[in-house]
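The first residue in the sequence is number 1, and the count goes up from there.
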Amino acid sequence: MKKLYVADILLLFVAFIWGATFVIIQNAVAVLEPFTFNGLRFLCAALFLFIWMIFFYRRPFGKINRSLLGSGIVLGLWLFSGYALQTFGLLYTTSSKAGFLTGLNVVLVPIFAFLILKHKPKLPAVVGVGIAAIGLYLLTAGGHTGFNIGDLLEFLCAIAFGMHIVFTAKYASHYPALILTLIQISTVALLNLGAAFLFEDWAEAFSPAVVGGTGVWFAILFTALLATVIAYLAQTALQKYSPPTHVALILTMEPVFAAITGYFWAGDRLASVAILGCFLIFMGMLLAELPEKVFARFRRSKPTVSE
C-alpha cells in the first residue's frame with residue numbers, strides 16, 4: 001500500500017511536469033512544426049537515455065531480447081499515434097474540444113484494462129473517473145457544438161493514449177524500466193522524424209533563425225530531459241505499483257496544472273466554470289484513492305425506507 005501511495009505521488013509529479021511544460025511547447029511549435037519539434041525532442045531524450053544506460057547498466061545490450069524490443073516498439077507506436085492524432089486533430093477542431101476528447105482516455109482506460117488485463121475496476125475508481133470526466137468537460141468546455149473529423153481524430157488520440165497506459169501496465173513489471181523506456185522513446189523519435197520528412201519542412205529546424213535563437217532549442221532540450229526522459233521513465237517504472245485506472249485519473253491533472261501554470265506564466269485567465277472543473281478533477285482523483293471499504297460502509301449506513 002505504501003508503494004502505491006508513493007507511486008501515485010510521483011505520477012502526480014509527472015502530470016505536473018507535462019502540464020507545466022505546455023506553455024513552453026506551445027511557444028516552440030509556433031516556430032517549429034510539430035513533427036519536427038517532437039522528432040528532435042524525442043531524439044534528444046533517446047540520446048540522454050542511451051548515455052544513461054551505457055554508464056549505469058552493466059552489459060545493457062545483453063538484457064535486450066526480441067520480447068523486450070517488441071514490447072518497447074508497441075508502446076512507442078501507441079505513444080506516437082497519440083501525439084500524431086492529437087496534432088492533426090487540432091487542424092480541424094478547437095483546443096477546448098481537443099482537450100476534452102483527449103482527456104476521455106480516463107474513461108476508456110478502465111474498459112481497456114478490463115478487456116486486455118482482466119482488471120476489474122474498483123468502485124472508488126469508477127466514481128472518481130465519472131467525477132473527473134465531468135470536471136474535464138467543465139475545464140475545457142468552449143460552448144462549441146457539432147462533431148467533425150478533427151473531433152474524431154482527437155477521440156482516436158484518447159484511445160491511443162489510453163492503450164499506452166494499459167500496455168505500459170502490462171509490460172512494466174516484466175522488463176527493466178530504463179531499457180523499455182529507451183526503446184519506446186527511440187520508436188517515437190524515428191516515427192516523428194519520418195513524419196516530419198514526409199509532411200513538414202524539417203530543414204527549418206536548422207535555419208539561422210531557429211539555430212541562432214535559444215528559445216526553440218531550449219524548449220527541445222528542456223522537454224527532452226524533463227517532460228520525456230524523467231516523465232516517461234517514471235511512468236514506466238511506477239506503473240507496476242499503480243493500477244491503470246489510477247494512473248489515468250492522476251494524469252487528468254495535467255490540464256489542471258497546465259491551466260495553473262498558464263495563469264502565472266502566460267497571463268491566461270480561467271472562467272469560474274473552468275475552476276469548478278479543476279476542483280472536480282482533483283476530487284475525482286482523491287476519491288479514487290479511498291479504500292473500497294469506505295464506500296461499502298457508506299452503502300450500509302444509508303437509511304432504508306420502510307414500506
Side-chain angles (χ1 to χ4, degrees), residues 11 14 17-18 21 25 29 33-54 57 60-61 63-89 102 105 108-109 112-113 116-117 153-154 156-200 202 220-221 223-240 244 247-248 251 254:
L11 285 168
V14 169
I17 290 173
W18 285 337
T21 54
I25 295 172
V29 295
E33 293 183 274
F35 283 129
T36 304
F37 174 82
N38 279 326
L40 293 172
R41 166 190 167 180
F42 279 90
L43 179 62
C44 290
L47 291 174
F48 280 132
L49 286 168
F50 181 76
I51 294 169
W52 189 346
M53 183 182 73
I54 293 298
Y57 264 61
F61 297 105
K63 301 178 185 292
I64 300 176
N65 53 42
R66 184 179 299 178
S67 177
L68 172 56
L69 187 63
S71 299
I73 291 173
V74 168
L75 292 179
L77 286 171
W78 284 120
L79 192 56
F80 167 76
S81 298
Y83 277 108
L85 289 164
Q86 187 178 59
T87 300
F88 278 105
T102 301
N105 70 76
L108 299 173
V109 164
F112 296 155
I116 297 170
L117 305 178
L153 292 174
E154 296 298 340
L156 293 175
C157 162
I159 293 175
F161 282 136
M163 292 292 278
H164 178 261
I165 291 174
V166 171
F167 274 94
T168 299
K170 180 178 180 179
Y171 299 139
S173 60
H174 299 291
Y175 305 111
L178 178 60
I179 300 176
L180 184 62
T181 305
L182 172 60
I183 295 171
Q184 70 165 312
I185 293 302
S186 300
T187 301
V188 177
L190 291 173
L191 291 172
N192 268 297
L193 291 172
F197 181 78
L198 292 174
F199 302 114
E200 297 176 351
W202 57 271
I220 290 171
L221 295 174
T223 56
L225 182 58
L226 200 63
T228 309
V229 171
I230 293 176
Y232 283 109
L233 183 58
Q235 183 187 357
T236 305
L238 296 170
Q239 274 205 230
K240 66 181 72 174
V247 174
L251 296 183
E254 179 188 349

* To do: Using only heavy-atom distances, determine whether the side chains of Y175 and T236 contain a donor-acceptor pair under 3.5 Å.
  => no
* Where T21 and A227 come nearest, the two heavy atoms and their spacing -> OG1-CB, 3.9 Å
* **Where A45 and V229 come nearest, the two heavy atoms and their spacing** => O-CG2, 3.5 Å
* Asked: Tell me, do V247 and V109 make a side-chain contact under 4.5 Å, heavy atoms counted?
  -> no
* Asked: So do T223 and F37 actually touch side chain to side chain, heavy atoms under 4.5 Å?
  -> yes
* Would you indicate whether the side-chain heavy atoms of P244 and K170 approach each other to under 4.5 Å? => no
* Does F48 reach the side chain of L225, with side-chain heavy atoms less than 4.5 Å apart? -> yes
* From CZ (R41) to CD1 (I185), nearest 0.5 Å -> 8.0 Å
Atom pairs and distances, side-chain donor-acceptor, residues 158-169, under 3.5 Å, sequence neighbours left out:
| residue | atom | partner | partner atom | Å |
| --- | --- | --- | --- | --- |
| H164 | NE2 | Q184 | OE1 | 2.9 |
| T168 | OG1 | H164 | O | 2.6 |

* Asked: If you measure from CG on L40 to CZ on F35, what distance do you get to the nearest 0.5 Å?
  -> 13.5 Å
* Quick one: CD1 on I179 to CD1 on I64, what's the gap to the nearest 0.5 Å? -> 5.5 Å
* Structure fact -> d(L226 CG, L221 CG) to nearest 0.5 Å is 12.0 Å
Quick one: side chains of residues 189-199, donor-acceptor pairs under 3.5 Å with protein atoms, not counting sequence neighbours, listed by atom name and distance.
| residue | atom | partner | partner atom | Å |
| --- | --- | --- | --- | --- |
| N192 | ND2 | V188 | O | 3.1 |

* Between A172 and K240, which heavy-atom pair has the shortest distance, and what is it? -> O-CE, 3.6 Å
* Name all residues meeting the side chain to side chain contact (heavy atoms under 4.5 Å, CB included) criterion together with L47; count only those two or more places apart in sequence or in a different chain, and write none if there are none. => none
* For the residue pair A46 and S186, what are the closest heavy atoms and their distance? -> CB-OG, 3.6 Å
* Structure fact -> Between the OG1 atom in T228 and the CH2 atom in W18, the distance rounded to the nearest 0.5 Å is 9.0 Å
* Output yes when a side-chain donor or acceptor of N65 lies under 3.5 Å from a complementary backbone atom of L68, and no otherwise. => yes
* Can you check side-chain contact (heavy atoms from CB on, under 4.5 Å) on L79 and F42, steps first, answer last? -> CA-CA 11 Å; L79 192 56; F42 279 90; 4.2 Å; yes
* Asked: How many angstroms lie between CH2 in W78 and CD1 in I73, if you round to the nearest 0.5 Å?
  -> 15.0 Å
